[in-house]
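As structure tokens, the structure follows; a few thoughts come after it.
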Amino acid sequence: MKKRSALAHKMAVSPYMLWSALFIVAPMFFVVYYSFTSADGGFTLGNMTQLGKYTDTFLRSIWFGFLATFLCLLIAYPLAYAIAKSSANVQRTMVALVMLPMWMNFLIRTYSWMTILQNTGVINNILDALGFGRVKMLNTPGAVILGMVYNFLPFMILPLYSVLAKLDPSVVEAAQDLGGNSLTVLSKVILPLSMPGIASGLTMVFVPSVSTFYISQKLGGGSFDLIGDVIERQFQQSYNYNLGAAISLVLMVLILLCMAFLNRFTSGEEEMVV
Amino acid sequence: MKRAAAVVVLLACLSAFVFQVPAFGALNAESLRGTELFVYNWGEYISDGSEGSLDVNKAFEEKYGIKVVYDTFDNNEVMYTKLKGGGVSYDVVIPSDYMIERMVSENMLQTIDFANVPNYKYIDAKYKNLPFDPNNEYSVPYNVGTIGLIYNTKKVAVAPDSWDALWNPDYAGQILMINNPRDAFAIAHAILGIDCNTTDKADWEAGAQKLKEQKALVQSYVNDEVYNKMESGEAALAPYYVGDFLTMRANNPDLAFVFPKEGVNFFVDSMCIPQGAKNKAAAELYINFLLEPDIALANAEYICYASPNTAVTSNPDYSLAGNEYIYPPDSAGIKTSIYRNLPQDTLNLMSSLWDDVKNYSGEADGESKGGLGSGAQTAIALSAVAAAAAAYLVFRAVRKKKREV
């Protein structure tokens with residue numbers, strides 16, 4: 001019996017294992033291979049030594065990623081909590097509304113922001129009509145971060161919502177009965193219990209934010225590169241797979257470090273509850 | 001007997017009329033029925049049936065029964081990397097001059113059998129034997145054109161005559177710059193009086209320096225966003241292709257166009273057949289089809305670029321014939337230069353310098369980038385976040401220990 005279930009388990013897992021070996025693990029090896037070879041295929045560290053000049057770009061990307069992730073968390077947490085606490089019907093509607101923008105293509109949504117934010121755009125026309133004058137919004141770092149928050153917010157809301165919806169209300173009641181004020185209940189009970197949701201939300205927003213290129217090109221006006229822009233250019237424009245792969249590899253390592261760091265954060269909280 | 005013969009003749013005439021089978025290669029074309037043809041062209045670069053125009057690909061499919069699978073690209077480099085990367089197979093591609101030269105030198109194109117492209121006779125002699133294909137073996141011109149300076153007459157009072165206008169501080173924040181290194185460097189080089197095909201490192205560095213000087217004035221670096229930004233009046237000046245200017249002006253009559261006196265790039269986008277094409281016969285049929293007078297006319301009207309096809313330019317129905325922008329008279333004295341393929345070293349240098357330009361923030365000028373961009377500020381902020389996080393972790397660990405005790 002046990003043997004059979006082990007076999008079933010293997011069979012259930014194998015399609016995905018094969019998939020990830022072919023399309024995730026193998027490409028990773030390609031990235032590593034290209035990073036340490038030159039255009040003619042010989043081993044070189046030249047790609048890595050060229051990376052120095054992209055330090056600013058790396059830092060800017062990570063910083064923008066942090067900001068966008070933090071803002072998403074700030075916006076999403078109260079919203080997810082409110083949704084989780086409302087009636088079943090309202091929950092369904094709200095979740096559908098959160099998902100609604102994702103029915104439209106990401107590129108089109110970002111392009112629309114360009115026309116909304118520009119100096120002759122909707123917001124500025126209203127501001128101007130009200131006598132506030134026009135404010136430069138497009139082609140600023142703020143516009144890029146807005147684009148990230150807007151596009152990746154659902155990836156923060158949904159995991160938070162699914163964790164908070166499962167939160168047992170009796171735990172909260174118990175905490176209240178034991179004399180905890182609402183701040184204590186939030187910080188000692190609700191927040192720690194929702195850590196798994198926070199952790200996955202952080203990952204799902206931070207990773208695409210750091211590596212994005214379309215948002216910075218359209219909303220940042222191409223005037224300040226993010227690292228995704230540089231990588232895209234190496235592959236699309238310059239046909240320099242080696243440098244592109246080297247930058248990608250370093251970016252992956254940096255993202256892994258950031259994630260490990262975030263995980264320490266969140267797992268620390270969990271232990272406390274247990 | 002006579003009647004039967006008449007019927008046969010009539011039928012033959014009818015069938016020729018209905019199927020419009022050209023006398024030449026009829027059998028050949030018939031045998032291709034049911035096959036597929038993979039075409040890779042620039043975006044918005046074929047009459048596609050919108051706004052009452054002719055759907056060229058559909059017309060080809062109906063005439064020959066060959067299914068056209070049509071993909072588009074944004075620029076030559078994207079097309080090149082996709083073909084070079086392998087894993088795709090196209091039968092017809094439409095790159096520009098310098099890219100054709102590069103692809104020929106890397107053996108990525110096949111020679112075209114011109115016996116199957118009789119309509120090549122319509123191509124104007126001045127677009128034959130060009131430097132990228134001196135013996136007319138690999139390419140058939142599709143469209144020709146130049147780049148130039150588009151400006152909004154409501155925002156730019158005095159008509160500019162020089163690329164210098166893109167460096168004019170009066171228009172700070174109103175200037176769009178083209179977001180591809182080859183064209184951007186060519187403009188900088190034109191101002192500096194340097195040949196756009198230079199291979200001298202110092203020339204490219206000078207060009208990069210020039211582009212860095214411009215950066216603080218640039219509203220944004222654009223490709224196809226230029227339509228939106230120029231038509232809405234968001235920006236005052238932009239370098240772009242003359243054919244696209246006509247499209248923009250149709251939506252905003254305040255726009256005007258000038259050929260800067262330093263000279264402009266002249267380009268020839270040509271139809272080619274890549275190595276590895278699976279349906280070469282159909283590719284030649286398609287190339288020939290695009291040269292048909294009525295098809296070429298529909299394309300020329302739709303795309304608004306200059307046509308190299310004499311059957312179009314001499315057609316009395318052609319609305320753009322003699323247009324001062326796309327067919328400027330020789331008397332206008334416009335200086336043009338054609339891009340040549342650059343050696344790999346120079347290409348690497350160009351892309352590296354372009355990265356520098358895109359990454360340039362000006363001397364201690366955080367303001368122009370909204371105050372968040374400069375590396376130092378970012379580094380400080382990042383380390384502050386890291387320090388706060390580390391402090392928190394330490395605090396956590398200490399508290400945990402205390403509790404255990």
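Residue numbers start from 1 in every chain, and the chains themselves are labelled A, B, ... in the order their sequence lines are given, proteins ahead of strands. A quick note: this is a predicted structure, and the numbers were derived from the prediction, not measured.
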Are there more than 12 heavy atoms of other residues, nucleotides or ligands under 6.0 Å from atom [atom1] of [X]?
X	atom1	answer
A:Glu232	CD	yes
A:Phe43	CZ	yes
A:Lys53	NZ	yes
A:Phe70	CZ	no

- prompt: Which is it for A:Tyr239 and B:Lys84 under the side-chain contact (heavy atoms from CB on, under 4.5 Å) test, yes or no, and what are the steps along the way?
  reply: CA-CA 9 Å; A:Tyr239 193 64; B:Lys84 192 81 177 171; 2.8 Å; yes
field: Criterion side-chain hydrogen bond (donor to acceptor under 3.5 Å, both in side chains) against B:Asn359, the qualifying member of A:Asp225, A:Asp56, A:Thr55, A:Thr57
entry: A:Thr57
query: What pair of heavy atoms forms the shortest contact from B:Asp355 to A:Gln234, and how long is it?
result: OD2-NE2, 2.9 Å
query: Quick one: what part of B:Asn75 sits under 4.5 Å from any heavy atom of chain A, side chain, backbone, both or neither?
result: side chain
message: Donor-acceptor pair, distance only, cut-off 3.5 Å: does the side chain of B:Lys358 make one with the backbone of A:Ser223?
response: no
task: Report yes if the side chains of A:Gln237 and B:Pro181 come closer than 4.5 Å at any heavy-atom pair, otherwise no.
output: yes
query: Is the shortest heavy-atom distance from the side chain of B:Ser220 to the side chain of A:Gln217 under 4.5 Å?
result: no
- request: Using non-hydrogen atoms and a 4.5 Å limit, figure out which bit of A:Gln50 sits close to chain B: side chain, backbone, both or neither.
  value: neither
task: Could you tell me which portion of A:Phe235 (side chain, backbone, both or neither) has an atom closer than 4.5 angstrom to a non-hydrogen atom of chain B?
output: backbone
message: How long is the straight-line distance from OG of A:Ser238 back to CG of B:Leu347, given to the nearest 0.5 Å?
response: 9.0 Å
- prompt: Taking atom CD of B:Gln219 and atom NZ of A:Lys136, what is their separation to the nearest 0.5 Å?
  reply: 7.5 Å
- line: Checking heavy-atom separations under 4.5 Å from chain A, one finds in residues 221-234 of chain B B:Tyr221, B:Asp224, B:Glu225, B:Asn228, B:Lys229, B:Ser232, B:Gly233, B:Glu234
